[in-house]
Amino acid sequence: MDAQFLDLLAQQYDTEEKVITEIINLEAISNLPKGTEHFVSDLHGEFQAFQHVLRNGSGTVKEKIKDLFREEWTDQEISDFAALVYYPEEKIQLVKGDLCNKQALNRWYRQTIEHMLKLISYASSKYTRSKLRKALPERFVYIVEELLYKTDLTHNKDPYYEEIYRQIISLGQADKLIIGLAYTTQRLVVDHLHVVGDIYDRGPEPDKIMDTLINYHSVDIQWGNHDALWIGAYAGSLVCLANIIRICARYDNLDIIEDVYGINLRPLLNLAEKYYDDNPAFRPKLQADHNVSESEILQITKIHQAIAMIQFKLEIPIIKRRPYFNMSERLLLEKIDYEKNEINIGGKTYPLENTCFATVNPEQPEQLLEEEQQVLEKLLFSVQHSEKLARHMNFLMKKGSLYLKYNGNLLSHGCIPLDEEGNMEEMQIEDQLYSGRQLLDVFEYYLRYAFAHPEETDDLATDMVWYIWTGECSSLFGKREMTTFERYFIQDKETHKERKNPYYHLREHEEICRKILLDFGLNPDHGHIINGHTPVREIRGENPVKAGGKMVVIDGGFSKAYQSTTGIAGYTLLYNSFGMQLVAHQKFNSREDVLCNGTDVLSVKRLVDKELERKLVRETNVGKKLQQKISNLKNLLEYRYMK
Ligand SMILES: O=P(O)(O)OC[C@H]1O[C@](O)(COP(=O)(O)O)[C@@H](O)[C@@H]1O
Ligand SMILES: [Mn+2]
């Protein structure tokens, strides 16, 4: 081993005792049960539903409460206590309103702190003291540790402990302590969170999801196609930029662009007012509880058309300069007969409806008006100078990747492109062919390159981010074409269909999943593939667990827009030391409902895989790192101290 490296290590471990203590510590940790991993996907801006799942650990919090208090408490008491753990600030206020006097409140404080401590002690039973300490509310660490680790068999210290409780309450610290302990519990039930893509689009609060993730103790993200689209916009892709605004207009979410990220839409609105009018195909999909005036709807409808037409124009030069994208079928504005108002797609002619081609030059449909050009420049400037967007996009890059190998499983939002025979589908980029893992690595390389060069707007890397959003071999899109144009302008629903990559029927077969796991260097006997992206239609009997348990699809529809298709309100996955469990969530109404009525419609759990023996930290990604560290320390011991 490198002497220089060992000398450096010796600076930190400068006595034999320190080295030995650390080795013992790390070996001991390696023998603890593995921490719980929590998987979510397709959040699509639904912050409220997401944070509920996060706060209740997909049902884990309630389960632990039941384990402890089932015998002595009613269901209502269990629900009340669970609500306190999820939303401590609000629940305490409600309790205060209910209790008639100070004495009763103090009694409640005393009992509640004790119950919380019991819960924490149980929830942290598989962690080291040091790990628990890091999760405790900082200002109360000393006091909480005193109460947690009381080992006074002789009861000599009973008055001492009682006094701690009394003082916390009389000094007015009980609320803060309970709130802190509630968050500690939330944090303890999940060791690590995986977000398997699609944080952005459709729902109203992706920014709040991002802020929550930024503050979360341990998280990674596998980008979804919608996340890649936002990264693309920030990285300088005008067509990605047009897409994010179009989708926000379509879902009545322009607030996200304007108010949340501070991007000025005024120039776009002016252009929209000048060239567009009302149009039924472009009216926004309104959220149930959103009050929007007729004039606002009209405004959004106009913006929606203006940006959609810009998007269709911007696609043309990219398709032409990248022949290997194989997208010439998508040169739609060139296939229109502007006089007859028809289009020829795949040899068939279709009438066009609800058209809005006022800015299109039929001779040169890709040509942007001077005004459109200027609007785009301003929008791009605004996007690239939004401090908040920069923070969120940087975090997506830092914690995100196109796919992830973690504890033997393969996590990826969309698919691994396959041909009908089940072989890895090849894609040509410039003069090279790529497939499988290599193809995904190349996509990620370009995406990172584009992000690092935001000033480049039409180089290959930037175009490639758009390809990742919509190209036929993209692992995030997983479909042959995106029929946005057809959905707006053609009545015949046949044209709206988007053919899926063969992966989506082949992934039902265990052999295929094993092959993919092997291609990614994973052990097919133990590994699973975890996908989001395609809503699982439970309603029609579709099973999210496929291929004999090798494949789990967790897009159950956090997105309200998709709940009628799935019949539930989202899946999440838990992977603890005992195995893997899928959780199907019922519709989340509101946090008020949880707080006041205790409705925490508990989610149905299904076993995906059971470990034959309890899985230990030693066998995990983290465990491998610990073993490496132990080996370094042993080398140091020999090199420095055993002479
Ligand atoms: O539901 P909308 O807004 O019409 O969007 C449909 C588009 O979204 C996509 O399904 C992609 O989004 P998802 O990743 O959420 O599936 C496209 O395939 C499709 O064209
Ligand atoms: Mn998706």
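Counting starts at 1 for both ligands and their atoms, following the listed order. Just so you know, these numbers use all the heavy atoms, side chains as well, and skip hydrogens, waters and symmetry mates. Quick note: residue numbers are just sequence positions, from 1.
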Sub-4.0 Å heavy-atom environment of ligand 1, residues by chain: His44, Asp198, Arg202, Asn225, His226, Arg250, Tyr251, Phe477, Lys479, Met482, Arg487, Glu498, His533, Tyr562
Side chains of residues 235-244: which donor-acceptor pairs under 3.5 Å do they make with residues two or more places apart or in other chains?
residue : atom : partner : partner atom : Å
Ser237  : OG   : Cys240  : N            : 3.1
Asn243  : OD1  : Arg246  : NH2          : 3.2
Asn243  : ND2  : Val239  : O            : 3.1

Ring centers of Tyr234, Tyr261 separated by less than 6.0 Å: no
Side-chain H-bond candidate by donor/acceptor type, His413 with Asn531, under 3.5 Å: no
Side-chain ion pair, Lys320 and Glu334, N-O less than 4.0 Å: yes
Residues in side-chain hydrogen bond (donor to acceptor under 3.5 Å, both in side chains) contact with Asp441, at least two apart in sequence or another chain: Tyr403
Side chain to side chain, Cys356 and Met309, heavy atoms closer than 4.5 Å: yes
N, O or S atoms of the protein lying under 2.8 Å from the Mn ion (ligand 2): Asp198 OD2, Asn225 OD1, His413 NE2, His533 ND1
Test: Glu372 and Lys313 ion pair at under 4.0 Å: yes
Carboxylate-amine/guanidinium proximity below 4.0 Å for Glu498 and Arg487: yes
Check: His585 ring centroid to Tyr571 ring centroid under 6.0 Å: no
